[in-house]
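Report on one structure; see the data block that follows.
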Amino acid sequence: MTTQYSEPPPPPHHHHHHSKKLLHFQPKIIAHTSTPWNNRLRELAKQCQFAQALTLYRQMLRSGNCPNTFTFPFALKSCAALVIPLMGLQLHTHVVKTGCEPDPYIRTSLISMYCKCSLIQNARKVFDESGQLGKLTICYNALISGYTFNSKFVDAVLLFSQMRKEGVLVNSVTMLGLISGCTLPNHLAIGMYLHCSSVKFGFDTDLSVSNCLLTMYVKCGEVAYARELFDAMPEKDLITWNAMISGYAQNGFAKHVLELYHEMELTEIHPDPVTLLGVLSSCANLGAQSIGCQVERRIEYRGFQSNPFLTNALINMYARCGNLVKARAIFDSMAERSVISWTAIIGGYGMHGHGEIAVQLFDKMIKTGIRPDETVFVSILSACSHAGLTDKGLEYYEAMEMKYNLQPGPEHYSCMVDLLGRAGRLKEAKELIESMQGKPDGAVWGALLGACKIHKNIEIAELAFERVIELEPTNIGYYVLLSNIYSDAQNLEGVLRVRVMMRERKLRKDPGCSYVEYKGKVHLFFAGDISHPQTKEIYRKLTELENLVKELHTSPKFDQGERNEELLIGTGVHSEKLAVAFALLNTRSGADIIVIKNLRVCVHCHLFIKLVSTTVDHQFVVRDPTRFHHFRNGVCSCKDYW
DNA sequence: ATAGGGTTAG
């Protein structure tokens with residue numbers, strides 16, 4: 001990247017303009033120094049074609065054209081966008097050689113470029129050398145946002161107070177730089193303070209400030225505040241909508257995302273790839289395949305189909321909605337697959353219990369020359385654990401550190417504990433946790449507790465429970481898990497002890513719910529729910545099914561050593577049963593029925609659906625927080641589950 | 001000088 005720099009003749013139409021004049025810089029001069037080269041450069045930078053812009057800059061030098069104050073902002077901007085510090089340093093020397101350095105706009109561009117390239121010392125040097133008069137608002141703004149960009153919030157605030165002390169005018173861009181630094185949870189208070197100051201100074205009428213505040217709230221996890229601000233904004237643009245929609249998506253408020261997306265369709269503002277990305281990830285979490293399909297059609301209609309972000313999101317959505325065939329078709333049709341594409345498809349096969357395919361795909365990915373990252377290892381390890389591929393999982397775990405030099409994090413440990421635990425190797429799992437160099441999180445101990453449930457080990461369960469509860473005292477799931485372990489062992493005293501603990505800590509069980517998507521609408525059921533318009537028919541169908549199941553369970557046809565009277569006692573109207581009854585009433589024969597449950601499917605319903613599946617021509621796909629259960633003709637895909 | 005983005009276990 002060595003560009004020969006020679007002193008070219010000045011362009012003909014601004015020969016009146018000498019370097020002496022540059023010292024008394026006036027913004028107007030910029031307009032006079034435009035040339036065909038500069039105009040083209042500006043155009044490329046505006047279209048975000050930064051690499052081409054820099055190529056053009058080099059061509060410009062080679063052909064003997066002198067860069068000027070109209071050249072550098074765009075060259076520097078391209079350099080910053082591509083993060084090429086070496087080129088940036090070179091550009092700085094060109095700035096000095098051409099005598100453009102006193103120009104405060106160029107200085108600002110330099111500061112910004114250095115910050116984007118993480119050369120903050122250099123940025124500070126340019127700033128400090130500006131002298132009192134050269135330090136305009138824009139220079140301060142560039143350095144303030146540069147500090148926050150490099151997560152140096154304290155320096156940003158210090159510079160802000162210096163700015164105010166010296167009486168430099170603060171504008172809305174100054175606020176933007178500061179507000180975007182408040183994205184950590186403990187910075188919420190400062191963020192709210194900045195919100196107040198923005199209102200006081202009247203900057204809140206600036207859309208970009210409001211949008212930035214909105215983003216700050218969602219990044220802090222304060223979705224309610226964000227929504228309040230969103231509703232109060234008299235004017236909203238695409239970024240406002242996107243900030244709110246992806247804010248909901250990132251914080252797991254999938255239903256709110258779909259509601260807002262629907263609301264957005266009533267406005268003049270059209271969704272762009274960022275909007276659709278948030279919507280697709282929410283469809284994936286809700287299992288809302290038909291809305292996902294609509295989004296896919298929209299992507300094609302709007303010509304976004306080559307956007308790799310969207311393609312990956314589609315693969316993820318179809319895989320999580322139970323449509324592996326479609327997910328695979330999209331994956332196969334991609335021209336260029338990134339690690340994220342592979343992660344999505346491997347995870348998809350993993351959660352459907354197809355561990356072998358996941359393994360094959362992982363190896364294929366390596367052969368293609370893709371470098372695996374931490375996330376794809378989470379996918380493959382969990383795929384191995386679901387499929388019972390214990391040795392394969394251990395192999396990958398080893399390779400992760402040894403071959404790919406990746407440090408396992410808590411997520412990987414919880415996969416490994418799950419893997420060893422399911423295989424009954426509880427002691428090894430426990431030892432693995434004890435050998436961790438970082439401190440284990442709740443999920444790691446939780447995985448061990450889950451394994452103790454499968455293998456009925458009270459001793460290790462009590463130890464795991466003690467640890468997990470220290471880390472996540474309000475997570476009800478773990479109390480329920482321990483209580484179930486006691487109850488399996490007929491240890492009533494233990495069950496009561498857990499119940500007392502829960503009462504003391506005022507913990508209530510989350511209500512379980514299940515839902516089915518039908519004709520583009522979500523039909524949600526709680527246990528014993530009577531709010532659905534078809535309630536009467538649903539209950540009639542359910543009674544019919546219950547009788548059928550009881551009969552089947554005692555018939556000689558069902559005799560695979562699985563008969564367990566207990567499983568059919570104390571039945572009750574579970575939410576998944578209502579969803580199944582509703583779906584059977586409304587779905588044509590032969591079609592798949594997809595039920596989504598917010599908690600793990602219980603043993604009783606598992607058996608119930610398995611038996612029902614022998615009598616109908618449907619495949620039932622039940623998705624719970626951990627995986628999919630496919631039921632067809634009395635067979636379930638998850639045989640290791642109970 | 002500036003606000004919005006995909007994958008991850010239990």
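Every chain is numbered from 1 and lettered A, B, ... according to where its sequence line falls, protein lines coming before strand lines.
Put simply, CG on A:Leu448 is 14 Å from P on B:dG10, counting in whole angstrom units. Across the protein-nucleic acid pair, A:Met113 atom CE and B:dA1 atom P stand 12 Å apart, rounded to whole Å. Spacing between atom CZ of A:Phe309 and atom P of B:dG4 amounts to 14 Å, rounded to whole angstrom units. Summarising the geometry, the separation between CZ on A:Phe628 and P on B:dG10 is reported as 13 Å, rounded to the nearest angstrom. Separating the CD atom of A:Glu411 from the P atom of B:dT8 is a distance of 12 Å, rounded to the nearest angstrom. Atom CG of A:Leu213 is separated from atom C1' of B:dG4 by 14 Å (rounded to the nearest Å). Taking atom CG on A:Asn475 and atom P on B:dG10, their separation rounds to 14 Å, with Å as the unit. Here B:dT8 presents its C1' atom at 18 Å from CD of A:Gln407, a figure rounded to the nearest Å.
Between A:Tyr261 and A:Trp241, the distance separating the two ring centers is not shorter than 6.0 angstrom. Aromatic rings from A:Phe331 and A:Tyr349 are positioned such that their centres are separated by 6.0 Å or more. Taking the six-membered ring for Trp and the full ring otherwise, A:Tyr140 and A:Phe160 have centroids separated by 6.0 Å or more.
Minimum atom distance to the side chain of A:Lys219 is reached by B:dG4, of the listed B:dA9, B:dG6, B:dG4. Minimum atom distance to the side chain of A:Thr375 is reached by B:dT8, of the listed B:dA1, B:dT8, B:dG6. With B:dA1, B:dG6, B:dA9 as the choices, the nucleotide that has an atom nearest any side-chain atom of A:Ile138 turns out to be B:dA1. Picking from B:dT7, B:dA9, B:dT2 the nucleotide with the shortest atom distance to the side chain of A:Asp441 gives B:dA9. With B:dG10, B:dG5, B:dG4 as the choices, the nucleotide that has an atom nearest any side-chain atom of A:Asn307 turns out to be B:dG5. The side chain of A:Ser385 lies closest to B:dG10 when the candidates are B:dG5, B:dA1, B:dG10. Ranking B:dA1, B:dT8, B:dG6 by closeness to the A:Ile340 side chain, first place goes to B:dG6. Distances from the side chain of A:Ser208 to the nucleotides B:dA3, B:dG5, B:dA1 place B:dA3 closest. In the set B:dG4, B:dA9, B:dG6, B:dG4 carries the atom at the smallest distance from any side-chain atom of A:Ala243. With B:dA1, B:dG4, B:dA9 as the choices, the nucleotide that has an atom nearest any side-chain atom of A:Ser382 turns out to be B:dA9.
Between A:Asn316 and the phosphate of B:dT8, there is a side-chain N or O to OP1/OP2 separation shorter than 4.0 Å. Distances shorter than 4.0 Å separate some side-chain N or O of A:Arg320 from OP1 or OP2 on B:dT8. The shortest distance between the side-chain N/O atoms of A:His386 and the OP1/OP2 oxygens of B:dG10 is below 4.0 Å. OP1 and OP2 of B:dA1 both lie 4.0 Å or more from every side-chain N or O belonging to A:Lys116.
In the interface, the side chain of A:Asn242 is not paired with the base of B:dG5 through any donor and acceptor atom under 3.5 Å apart.
Rounded to the nearest 0.5 angstrom, A:Met317 CE and A:Cys293 SG are separated by 6.0 Å.
The residue A:Ala443 sits close to a base: some heavy atom pair falls under 4.0 Å. Nucleic acid contact class of A:Gln250 (heavy atoms, under 4.0 Å, all strands): sugar-phosphate only. A:Ser414 comes within 4.0 angstrom of a nucleotide base, judged by non-hydrogen atoms across all strands. Contacts of A:Ser338 with the nucleic acid, taken as non-hydrogen atoms under 4.0 Å apart, include base atoms. Among the protein residues, A:Asn312 comes within range of the nucleic acid bases, having at least one heavy atom under 4.0 Å from a base atom.
With salt bridges taken as basic N to acidic carboxylate O contacts below 4.0 Å, one links A:Asp418 and A:Arg422. Taking a cutoff of 4.0 Å between a charged side-chain nitrogen and a carboxylate oxygen, A:Glu296 and A:Lys326 qualify as a salt bridge.
Within residues 225-238 of chain A, the residues having any heavy atom closer than 4.0 Å to DNA chain B are, in order of number, A:Asp237, A:Leu238.
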Under 3.5 Å, which donor-acceptor pairs link side chains of residues 439-446 of chain A to any protein atom two or more places apart or in another chain?
from, atom 1, to, atom 2, distance (Å)
A:Asp441, OD1, A:Ala443, N, 3.4
A:Asp441, OD1, A:Val444, N, 3.2

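For A:Arg328, the salt bridge (Lys or Arg N to Asp or Glu O under 4.0 Å) partners two or more places apart in sequence, or in a different chain, are A:Asp332.
Other residues, nucleotides and ligands contribute over 12 non-hydrogen atoms within 6.0 Å of the NZ atom of A:Lys236.
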